[in-house]
Amino acid sequence: MRALPVAEPSQVRRAMLRLIRRDGRAFAAMIALNALAAGAGLVGPWLLGRIIDVVKAGGGVGAVDRLAFGILVFALIQLLLARYASYVGHRFGERTLARVREEVADRALAVPASVIERAGTGDLTTRGTTDVAMVGTTVRDAGPDVLIAGVQALFIMGAVFVLDPLLGGVGVVGLTGIWFTVRWYLRRALPAYLAEGEANSALAEQLAATAAGARTMEALGLQERRIAVCQDAIATCRRTRLRTLFLRSVLFPIVDVSYSIPVVGVLLVGAVLHGHGLMSLGAVVAAALYLRQLSQPLDTILLRIDQLQSSGASFARVEGLGSVPSAAPPGDRREPDGDLIEVSGVRYAYEGGGGDVLHGVDLVVRPGERLAIVGASGAGKTTLGRLLAGIDRPRTGSVTVGRVPISDVDPSELRRRIVLVSQEHHVFLGTLRDNLLIAAPSADDDALRAALAAVGALEWVDGLPDGLDTEVGAATYRVDGAQAQQLALARVVLADPHTLVLDEATALLDPRTARHTERAMAAVLEGRTVIAIAHRLQTARDADRVAVMEEGRVVELGGHEELVAAGGTYAALWRSWHGDRAGSSHC
């Protein structure tokens, strides 16, 4: 299994700048308001130092009261500015998060299905849920908090240097322990959090696979083996989380101790300077208060830095979805000239799966033709169907539609021309109408009902209390496998493609319903190209031509009666499925 790509740090920085530029005014307003709030917060310690100097010089109560009132006024100004800055910052964060979610949705839908299958749905699910939530928390809360704290810290250190450059230098030297500790942490944190995210994705994939295949595992007695696999994934998650916990356990204790060092240093140096008459007592007290005040923004930064590293890894994973290459760059996409599908010298091998599963396949599917692809299990039918639908690309050879390689056709244009309907299906949360409108957003109820009727599903839909407005899902109306497959087929009818690749599309229906559905769809599919991959050879009997596959090769090609009369592989399949008497009676 190959994981989805992770964005490089440079890509993450560019993505962050892009998001900031899209809401630049709000970002600038947030910076300005936080700077004003930080400036207002600097006045209090300076006025307190002035009070000390006034008292020491024998000043009266009135002068002290005026200075104290000034402290109160600037504290209120700081509160109001900080409150509004936080409001602007959180609005900026929510809008940015909405853009991130929209980009993730667009990118996830644009990722080729073959890439998702190789990486596993757990990786994509984790990126679209846990990672996006982590990025959202950072954009909404941690990001603005760190920005505010950073502005405050710069203003505070600037104020100390204004009071006395020597005291400012002492404060900076006292903070070097924090600097080296944070650098040690940052070099190790991002890889550790990326490893944790990857482990979470792997665990999600294993749990999803276990839940989906629970009945199969029970039937085959594989519970213990599956539990062991999940326990290994959990153990990997535990190791990665312990690694990040260790990094935090080193960072925070050292930082807590380091806060007091610059304050103690300023008091000692300031006492010496004051003793020699080189500095007033108020200035020393103000500098110490400033450095003591510095612990608050530094504390915010350092407490959030762990979250920033975790969210940075999440953002790299989210942004990595944009690095998944499309089948063809936008500039190389071409418009097919017609709907003729040609397969020439195609070989294909699954990644990590050994040798080729298709060996030099040649096939031409004419527009409007009904072609059945049959063969024993493992013959390569589904693989060929995926290549015909543009889901996968051949290792060698070519698959073209309208003389254009399928990989060079714009994905949206390809989906309008060719649609693959497999045994796998999905019912989305929402109403039955919502599930159908996915294929044709502008369709009215008459069109929806016609599509349902075409696949034999209208009767049971009309039998529901709310009809098309029935909510489907585990907690509402539970759609069974046959009904879900009929909904999938109804979506195909609404999508109205020219070519359909049906990979056991009626496999979950009982034989009677499947036959009824196939007959009902026959009228709807009139004039369209239909490529049916089926084990039910009745479908092959109704096709214009039958392609028989064996060990990754097309070994026979012709009409049903022609192939039965030839007495080859297809004739043997027909006899084994339908019986000798039935086979002879239909010839």
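Keep in mind that this is a model prediction, so the values were computed, not measured. By convention here, the first residue in the shown sequence is residue 1.
- The closest side-chain heavy-atom distance from Arg433 to Thr470 is not below 4.5 Å.
- Just one of Leu464, Asp469, Val427, Asp466 meets the side chain to side chain contact (heavy atoms under 4.5 Å, CB included) condition when paired with Leu432; it is Leu464.
- One finds the CD atom of Glu224 at 13.5 Å from the CZ atom of Arg226 (value rounded to the nearest 0.5 Å).
- With hydrogens and angles disregarded, a donor-acceptor distance shorter than 3.5 Å links the side chain of Lys381 to the backbone of Ala376.
- Between the side chains of Thr244 and Glu196, at least one donor N or O lies within less than 3.5 Å of an accepting N or O.
- For the pair Thr400 and Asp408, the minimum side-chain heavy-atom distance is 4.5 Å or more.
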Using side-chain contact (heavy atoms from CB on, under 4.5 Å), reason through Leu502 and Val530 one step at a time and then give a plain yes or no.
CA-CA 7 Å; Leu502 304 177; Val530 179; 3.9 Å; yes

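- Put simply, the side chain of Leu468 does not reach to within 4.5 Å of the side chain of Thr431, judged on heavy atoms.
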Evaluate side-chain contact (heavy atoms from CB on, under 4.5 Å) for Val343 paired with Val365, printing each intermediate quantity in order.
CA-CA 8 Å; Val343 180; Val365 185; over 6 Å; no

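- Taking CG of Leu494 as the start and OG of Ser442 as the end, the distance is 9.5 Å to the nearest 0.5 Å.
- At distances below 3.5 Å, at least one donor-acceptor pair connects side-chain atoms of Gln486 with backbone N or O atoms of Gly456.
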Side chain to side chain donor-acceptor pair (under 3.5 Å) between Arg239 and Thr236, intermediate numbers included
CA-CA 5 Å; Arg239 286 194 300 272; Thr236 302; 3.2 Å; yes

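- Just one of Val132, Asp131, Leu194 meets the side chain to side chain contact (heavy atoms under 4.5 Å, CB included) condition when paired with Ser314; it is Asp131.
- The side-chain heavy atoms of Trp574 and Val546, taken from C-beta on, include no pair separated by under 4.5 Å.
- Residue Asp362 holds its CG atom at 10.5 Å from CG of Leu557, rounded to the nearest 0.5 Å.
- In plain terms, the two heavy atoms of Val104 and Gly128 that are nearest each other are CG1-CA, 4.2 Å.
- When the salt bridge (Lys or Arg N to Asp or Glu O under 4.0 Å) test is applied to Asp434, no partner is found at least two apart in sequence or on another chain.
- Under a 3.5 Å cut-off, the side chain of Asp444 and the backbone N or O of Ala447 do form a donor-acceptor pair.
- The neighbour count for Arg449 CZ, taken as heavy atoms of other residues, nucleotides or ligands under 6.0 Å away, does not exceed 12.
- Enclosure of atom CZ in Arg238 is not indicated, since only 12 or fewer non-hydrogen atoms of other residues, nucleotides or ligands lie within 6.0 angstrom.
- Between Arg188 and Arg243 there is a side-chain heavy-atom pair separated by less than 4.5 Å.
- No side-chain heavy atom of Val401 sits less than 4.5 Å from a side-chain heavy atom of Leu388.
- Nearest approach of Ala490 to Ala451, heavy atoms of both residues: O-CB, 3.8 Å.
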Run the numbers on Ile531 and Leu500 for side-chain contact (heavy atoms from CB on, under 4.5 Å), then give the verdict.
CA-CA 6 Å; Ile531 303 170; Leu500 276 177; over 6 Å; no

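- At least one donor-acceptor pair under 3.5 Å links the side chain of Glu556 to the backbone N or O of Tyr570.
- Side-chain atoms of Trp460 and Gln483, non-hydrogen and from C-beta on, do get closer than 4.5 Å to each other.
- For Arg22 and Glu103, the salt-bridge test passes: some basic side-chain N is under 4.0 Å from an acidic carboxylate O.
- Salt bridge present: Glu335 and Arg417 bring a charged side-chain N and a carboxylate O closer than 4.0 Å.
- At a threshold of 4.0 Å, the pair Arg403-Asp337 does not count as salt-bridged, since none of the basic side-chain nitrogens sits closer than that to a carboxylate oxygen.
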Just do the side chain to side chain donor-acceptor pair (under 3.5 Å) check on Arg241 and Asn200 with the steps written out, would you?
CA-CA 10 Å; Arg241 293 193 180 189; Asn200 288 338; 3.2 Å; yes

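- For the pair Arg14 and Glu319, the salt-bridge criterion is not met [side-chain N within less than 4.0 Å of a carboxylate O].
- When the shell of 6.0 Å around CD of Glu551 is examined, it contains 12 or fewer heavy atoms from other residues, nucleotides or ligands.
- Taken to the nearest 0.5 Å, the CG atom of Asp392 stands 11.0 Å off from the CG atom of Leu384.
- With salt bridges taken as basic N to acidic carboxylate O contacts below 4.0 Å, none links Asp544 and Arg370.
- Using a cutoff of 4.0 Å between basic side-chain nitrogens and carboxylate oxygens, Arg366 and Asp339 are not scored as salt-bridged.
- Judged purely by atom type and a 3.5 angstrom limit, Thr240 has no side-chain atom pairing as donor or acceptor with the backbone of Ala195.
- Within the 4.5 Å cutoff, the side chain of Asn435 has heavy atoms near those of the Val472 side chain.
- Annotation: side chain to side chain contact (heavy atoms under 4.5 Å, CB included) contacts of Arg347 (sequence neighbours excluded): Asp356, His359, Arg395, Thr396.
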Go through the steps for Leu452 and Leu436 under the test side-chain contact (heavy atoms from CB on, under 4.5 Å), then give the verdict.
CA-CA 9 Å; Leu452 291 170; Leu436 296 173; 4.0 Å; yes

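- Between atom CG of residue Leu563 and atom CG of residue Leu573 there is a gap of 10.5 Å, rounded to the nearest 0.5 Å.
- Looking at every heavy atom in both residues, Thr210 comes nearest to Cys230 through OG1-SG, 3.3 Å.
- Between Arg393 atom CZ and Ser398 atom OG the span is 11.5 Å, to the nearest 0.5 Å.
- Annotation: Met217, atom CE; neighbour count of heavy atoms from other residues, nucleotides and ligands within 6.0 Å is above 12.
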